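In what follows, a single structure is set out as structure tokens and then discussed.
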Amino acid sequence: MPFSIATWNINSVRLRLPLVERLLREHAPDVLCLQETKCPNDQFPEKAFRALGYDHIALHGQKGYHGVATISRVPFEDIVRQDFCAVGDARHLSTRLVAGDRRIRIHNLYVPAGGDEPDPAINPKFRHKLDFVEELRLMNAEAEPGVSALLVGDLNIAPLEADVWSHKQLLKVVSHTPVETEGLLRAQGEGNWTDMMRRHVPEGELFTWWSYRNRDWTVSNRGRRLDHVWGSHDLAPQLETVEVLSAARSWDRPSDHVPVIARFADTPG
DNA sequence: ATGGTTGTTGTACAA
């Protein structure tokens, strides 16, 4: 059985429920990982997802800020919520499910944005972001024997030069500073993760986010790749496609992030 | 160099 997963920073799941429904109707991923739901668990619009065949819903929400949700057609075997940096933020949600002859652990993550000033000595939000990425180094794709792994979400860092519209102009801008990009790539390597988006599109610009602070995002195309799909190495040969739904940036009242969908083939034999 | 927009909440703050 093939397997597909979508990740999307939705920036309020209640406000943009029609957009999420459109994504599920038109692209029908097996699993959808949402970030920035900004929705307490008891107010999550579960009915709308069940109506579309997504009966299995794992939540880690909080009022007003952050919040992640994992929505699935297939049941979860296990659900874990990790409190990164022990500050009580709802920024991580881990689920495990069966897809064909595989078991897959899925980490859904929302890394702190980090504020505007890229100096941890004077900006506590940036300090928090760097600490969060440090903790991410401990998240290993091979942590569970016999279980494949995916790590998706808004990591709020664009690690490669081609992940931003101007490498030079963003070197001192939070999301693309060397301390962040090096930290993220270190976490990726130490955790035995494959960057599935770059496996599919090794070179050239690849963006998933365009600021609201440009009236028309298509004119200057000043994007960044803040959203990611990482997988355990065993899943890499199974990867068929990664699709960045850039068109969603122009949907009615859009999120500033667009969905990313990865599709995997069945294990041969 | 600066300011630009959006969502939630409350008349500020985070992104």
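Everything numeric here is computed off the predicted structure, so don't read it as measured data. Basis for what follows: all heavy atoms, side chains included, without hydrogens, waters or symmetry-related copies. Each chain gets a letter, A, B and so on, in the order the sequences are listed, and its residues count up from 1.
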Between [M] and [N] - [atom1] atom distance, rounded Å:
| N | M | atom1 | value |
| --- | --- | --- | --- |
| B:dA1 | B:dA15 | P | 26 Å |
| B:dG7 | B:dG3 | P | 22 Å |
| B:dT6 | B:dT11 | P | 22 Å |
| B:dA14 | B:dT9 | P | 14 Å |

Residue matched to B:dA15 through Watson-Crick or wobble contacts both under 3.5 angstrom =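 Checking every strand shown, B:dA15 finds its partner in B:dT5, with both distances under 3.5 Å.
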How many Å lie between [atom1] on [X] and [atom2] on [N], as a whole number?
| X | N | atom1 | atom2 | answer |
| --- | --- | --- | --- | --- |
| A:D89 | B:dA15 | CG | C1' | 13 Å |
| A:L17 | B:dG7 | CG | P | 15 Å |
| A:K38 | B:dT9 | NZ | P | 9 Å |
| A:N123 | B:dA14 | CG | C1' | 12 Å |
| A:E36 | B:dA14 | CD | C1' | 8 Å |
| A:K125 | B:dA15 | NZ | C1' | 8 Å |
| A:I10 | B:dA15 | CD1 | P | 17 Å |
| A:N156 | B:dA15 | CG | C1' | 8 Å |

Between A:A113 and A:Y212, just flag the one whose closest nucleotide in DNA chain B comes earlier from the 5' side.
-> A:Y212
Using the closest heavy atom to pick a nucleotide of DNA chain B for each, name whichever of A:D116 or A:R215 lands nearer the 5' end.
-> A:R215
Looking at [X], does any N or O in its side chain come under 4.0 Å of the phosphate oxygens OP1/OP2 on [N]?
| X | N | answer |
| --- | --- | --- |
| A:R14 | B:dG7 | no |
| A:R16 | B:dT6 | no |
| A:R213 | B:dT6 | no |

Hey, can you tell me if A:W230 and A:W193 have their rings parallel, tilted or perpendicular (30° and 60° cut-offs)?
->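 Ring orientation of A:W230 relative to A:W193: tilted.
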Please work out which of the three classes, parallel, tilted or perpendicular, describes the rings of A:H56 and A:F76, given edges at 30° and 60°.
->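 Taking A:H56 first and then A:F76, their aromatic rings stand perpendicular (interplane angle over 60°).
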Salt bridge [X]-[Y], side-chain N to carboxylate O under 4.0 Å:
| X | Y | result |
| --- | --- | --- |
| A:D163 | A:R198 | yes |
| A:R186 | A:E134 | yes |
| A:R249 | A:D256 | no |
| A:R199 | A:D195 | no |

With heavy atoms under 4.0 Å as the rule, sort A:R91 into base, sugar-phosphate or nothing.
->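 Answer is sugar-phosphate: A:R91 comes under 4.0 Å of backbone atoms only.
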Scan A:H257 against the nucleic acid and name what it touches under 4.0 Å (heavy atoms): base, sugar-phosphate only, or nothing.
->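 A:H257: no heavy atom of the nucleic acid under 4.0 Å.
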Nearest listed nucleotide, side chain of A:Y65, among B:dT6, B:dA14, B:dA15 | B:dA14
